[in-house]
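None of the values given here were measured: they were computed from a predicted structure. Indexing begins at 1, ligand by ligand and atom by atom, following the structure's order. Computation of the quantities below employed the complete heavy-atom set of this structure, encompassing side-chain atoms and omitting hydrogens, waters and symmetry-equivalent molecules.
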Amino acid sequence: MYKPKILVVEDDPAISNLIRTTLDTQNYQYHTAKNGSSAILDAVSYKPDVIILDLGLPDMDGVDIIKKVRGWSNLPIIVVSARSEDQDKVDALDAGADDYLTKPFSVDEFLARLRVALRRSHTEETAGEEGSVYNNGELKIDYAAGCAYIRDTEIHLTPIEYKLLCLLAKNTGKVLTHNYILREIWGSALESDIPSLRVFMATLRKKIETNPSSPRYIQTHVGIGYRMIRQ
Ligand code: CA
């Protein structure tokens with residue numbers, strides 16, 4: 001059976017130990033790097049399925065590592081940050097990270113995020129086989145027809161709601177920042193546009209979620225953005 005390969009980039013020995021012990025119990029393969037320059041080399045030579053990346057490294061800012069890796073690869077990157085500031089996470093996500101964990105994090109939370117990232121790396125490889133239909137729980141999108149369905153009933157979306165839904169669906173499992181969504185949908189990202197994004201998201205949720213106040217599909221990351229959850 002294939003054992004997923006994880007590249008762990010972390011200079012703090014205690015956290016690196018915790019992550020390695022956790023990966024051992026789950027039968028994952030891993031390789032560790034303690035600084036940014038070896039992380040970039042290892043990302044090429046070790047060919048990991050997922051990178052776990054500490055943002056504060058001795059020789060390089062983690063955001064620069066993300067930018068470098070994104071120059072040639074779309075492999076999932078989960079950022080681990082001791083910093084509580086949302087801006088660092090937003091910068092990392094905007095640079096192309098998939099997800100983030102704030103230290104201290106629980107082992108269960110870590111493993112759950114890792115499974116989501118591994119699933120994304122797997123679904124990307126097989127995306128071509130499914131063609132132009134997206135299926136996620138009771139939600140279905142027929143990209144060719146431009147229609148979305150819940151339990152096989154068509155839902156009537158405005159053009160913007162449909163674009164939002166497709167953008168989230170195409171990035172299932174990945175946290176999309178407000179800036180990223182605004183740029184993709186409206187072509188520009190202004191802080192002042194975030195309230196209208198919230199309004200569109202609320203109306204979209206009313207149409208796809210059974211209980212919009214406790215959404216199953218679209219998760220909110222306060223101060224950061226949104227993520228489509230695989231059911
Ligand atoms: Ca560090």
Can you measure from [atom1] ([X]) to [atom2] ([Y]) and round to the nearest 0.5 angstrom?
X: L18; Y: L23; atom1: CG; atom2: CG; result: 9.0 Å
X: E161; Y: M201; atom1: CD; atom2: CE; result: 10.5 Å
X: K89; Y: L55; atom1: NZ; atom2: CG; result: 10.0 Å

- Keeping waters out of it, list the protein N, O or S atoms under 3.0 Å from the Ca ion (ligand 1). D11 OD1, D54 OD2, G56 O
- Query: Side chains of N179 and T177: donor-acceptor distance under 3.5 Å anywhere?
  - Reply: no
- Query: Does the distance from a Lys or Arg side-chain N to an Asp or Glu carboxylate O, for R227 and D99, drop under 4.0 Å?
  - Reply: yes
Show every donor-acceptor pair shorter than 3.5 Å between a side-chain atom in residues 105-112 and any protein atom, with sequence neighbours excluded, or say none if there are none.
from : atom 1 : to   : atom 2 : distance (Å)
S106 : OG     : E109 : N      : 3.0
E109 : OE2    : R113 : NH2    : 3.4

